[in-house]
Amino acid sequence: MSTFKELGLNDEILKALTDLGYETPSEIQLKAIPQVISSNQDLKAFAQTGTGKTAAFSLPVLQELDANNKSTQAIILSPTRELAVQIGKNIQDFSKYMKGVNVLTVYGGANIQDQIRGLNKGAQIVVGTPGRTVDLIKRRSLKLDNVRWLILDEADEMLNMGFKDELDQVLEVTPDNKQTLLFSATFPREVESIARNYMDNPIEITAGKKNTGADNVTNEYYVVTERNRYPALKRICDANPDVYGIVFCRTKRETAQVAENLIQDGYNADALHGDLSQAQRDGVMQKFRNNSLQILVATDVAARGLDVSNLTHVINYKLPDQIEAYTHRSGRTGRAGKKGISIALITNKEMGRLRPIERKINKKFTKKEVPSGEEICKNQLFSLINIVKETEVNHDQIDTYLESIYSSLEGLNREELIQKFVSVEFNKFLKYYTNSRDLNEAERSRSDDRGKSRDDENMTRFFINLGRKDNLNPGKLIGLINEQEITNNVEIGQIEILDTFSFFELDKNFTDETISSFQGAEFNGRSVNVEVTEKKKRSGGGRRNDRRGGSEERRGRGRRYEGGGRSDRREGGRSDRNDSRRRDRGSSDRRSSDRPDRSDRSDRRSSDRPDRSSGFGRRRD
Ligand code: AMP
């Protein structure tokens, strides 16, 4: 079997596929389409993004759908609105020659009444994000009693994003005799447990290797200090003048900050994160897709809906919390037979995080040195020469000026001319990188990290202006921290309650968020002041069981954000309340100690940075 026709699809679908330029089925399509058409058996598919899985589940559903029956026959759940919209659009394209087929996409952040009206008109296929889907079920607008197919797309990502409850709720209300199709790039315990609990003897199919990184992707790491993370990112971009890639950050704030810095420093970059409006996000994605943007700085969640197949690099500005997310990130490069590079910028403290990823992707990371100024200049020079070689001369436009150009350059020989033209651009980089410092950090052995307490390494210690006299105890302090909804399950470390003030430790990755979340907070009518303070020296861990309340038993996790129907907005787990407060205050209130790399202004002072406006260092389209 090698054609779509042979897979059992009708002429209307085949015609639409021809219009879309789909000539031969991909591996996952070859395996899934005939299986779903011919059998009701549940199906578990290991499929990376970009393998053609949307068509793999949509086409057999369209083939088998009863277009005369207006009730919802297929429900497709997807982790983000971007992906849901993309799937909805794909299905519309696939079914454009089929009569009476209605597809509706439902997601948070859009007018629910419009979606309810759409459902009332009758949609045989509903594509939705988990939060909004549950909301519509609860309002009795979305009825799933006649559902024949339940499709979970990117199941691992949905669970990573904390949609377990929503998935459970949808799975509970769908009929037992439906066919469940579960697609996931990775199969961590949580996904296996969904499969075990809700699927009946599923058949397993695989496109590509299970849980492995894409074969065309080389994984590299650079060891830097925290303050050199950003300068190293710039050097990597400068050393790769044709970079077309995504820089992944962990939080929305970090994403916005890195993008802002890159833009200020003259790079062709922009940010994609959940604080942007849908229209802004669409605009950024469009610019990136059509190559007018070279570097996209994004959170994992926001980048989910982006379908770009020719990325040269994926850069992990910070490694993701979940190992699975690394697979998703790196799988965005090395597609369509092209080679790709996935880079991790790590500090010595983060070295221990490489090994579990290596185990998961079944590949080794290669250690790389942050490029020196000299190396960058060389790469830029040869890139410039290539640009010159490839540039076509537009005689219509330039011929009228040539006479006077020739006469003003008279007296320069060929070599001198070449040297001067090249130097116009090259001097800027040369000047910028002359005497540049070495950004590489000596690598500590990976095993040094083993046994080191997470708390020592990854916690920030905060001062809070409340103590026993304010009726504060460790339980109340944990409650107060949770109330700020800093992020999902933020780890709380040691707590020390004193008479008039106290200390607590929190995951240092959320230092910024912690400070800003506490702004305006109150405790028993008193305004709360939280500041970063110096870490306490620990002697053999003995201080943990502090009699005054700061004991390990008091360690805890932040409350999970339970925003009901607004779950689609979650990203890093912060509530919208905090987000809007933060937006109102703008960025000026950020403490310099929390800002990455502010101290290193020397590497990006505008006066001495290379001017990229002439196209040098920009992507050529
Ligand atoms: P997906 O994994 O479904 O997101 O698909 C990845 C990309 O491949 C999308 O741009 C699809 O339109 C495209 N695609 C999927 N299947 C095929 C096919 N059989 N032939 C050509 N392009 C395809």
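Quick caveat: nothing in here was measured; it's all calculated off a predicted structure. Both ligands and their constituent atoms are indexed starting at 1 by order of listing. Note: hydrogens, waters and symmetry copies are ignored here, and every other heavy atom, side chains too, is used.
- The shortest heavy-atom distance from Ile28 to ligand 1 is not under 4.0 Å.
- The protein non-hydrogen atom at the shortest distance from atom 16 (N) of ligand 1 is Gln29 NE2, 2.8 Å.
- For Lys138, the salt bridge (Lys or Arg N to Asp or Glu O under 4.0 Å) criterion is met by no residue, not counting sequence neighbours.
- Nearest protein neighbour of atom 2 (O) of ligand 1, counting heavy atoms only, is Gly52 N, 2.8 Å.
- Residue-ligand proximity, Thr51 to ligand 1, at heavy-atom distances under 4.0 Å covers atoms 2 (O).
- Considering only heavy atoms from C-beta on, Pro320 stays 4.5 Å or farther from Arg250 through its side chain.
- Checking atom 8 (O) of ligand 1 against the protein gives no heavy-atom contact under 4.0 Å.
- Between Asn219 and Lys363, the shortest heavy-atom distance links the atoms ND2-CD, 3.7 Å.
- Closest protein heavy atom to atom 11 (C) of ligand 1: Tyr22 OH, 3.0 Å.
- When hydrogens are left out, the protein atom nearest atom 3 (O) of ligand 1 is Thr54 OG1, 2.6 Å; that is the closest non-hydrogen contact.
- Side chain of Glu190 to main chain of Asp156: no donor-acceptor pair is present (N/O by atom type, distance under 3.5 Å, no hydrogens or angles).
- Close contacts between ligand 1 and Thr24 involve ligand atoms 18 (C), 19 (N), 20 (N) [criterion: under 4.0 Å to a heavy atom].
- Classification of the Tyr244-Phe288 ring pair by plane angle, with boundaries at 30° and 60°, yields tilted.
- Among all non-hydrogen protein atoms, the one lying nearest atom 10 (O) of ligand 1 is Asp307 OD2, 3.0 Å.
- No side-chain donor-acceptor contact under 3.5 Å links Asp270 to the backbone of Leu296.
- Between Phe46 and Phe187, the ring planes are tilted. Angles from 30° to 60° get that label.
- Looking at Phe94 against ligand 1, nothing comes within 4.0 Å, counting heavy atoms.
- In terms of protein heavy-atom proximity, atom 6 (C) of ligand 1 is nearest to Gly50 CA, 3.7 Å.
- Ring pair Phe248/Tyr317: centre-to-centre distance not below 6.0 Å.
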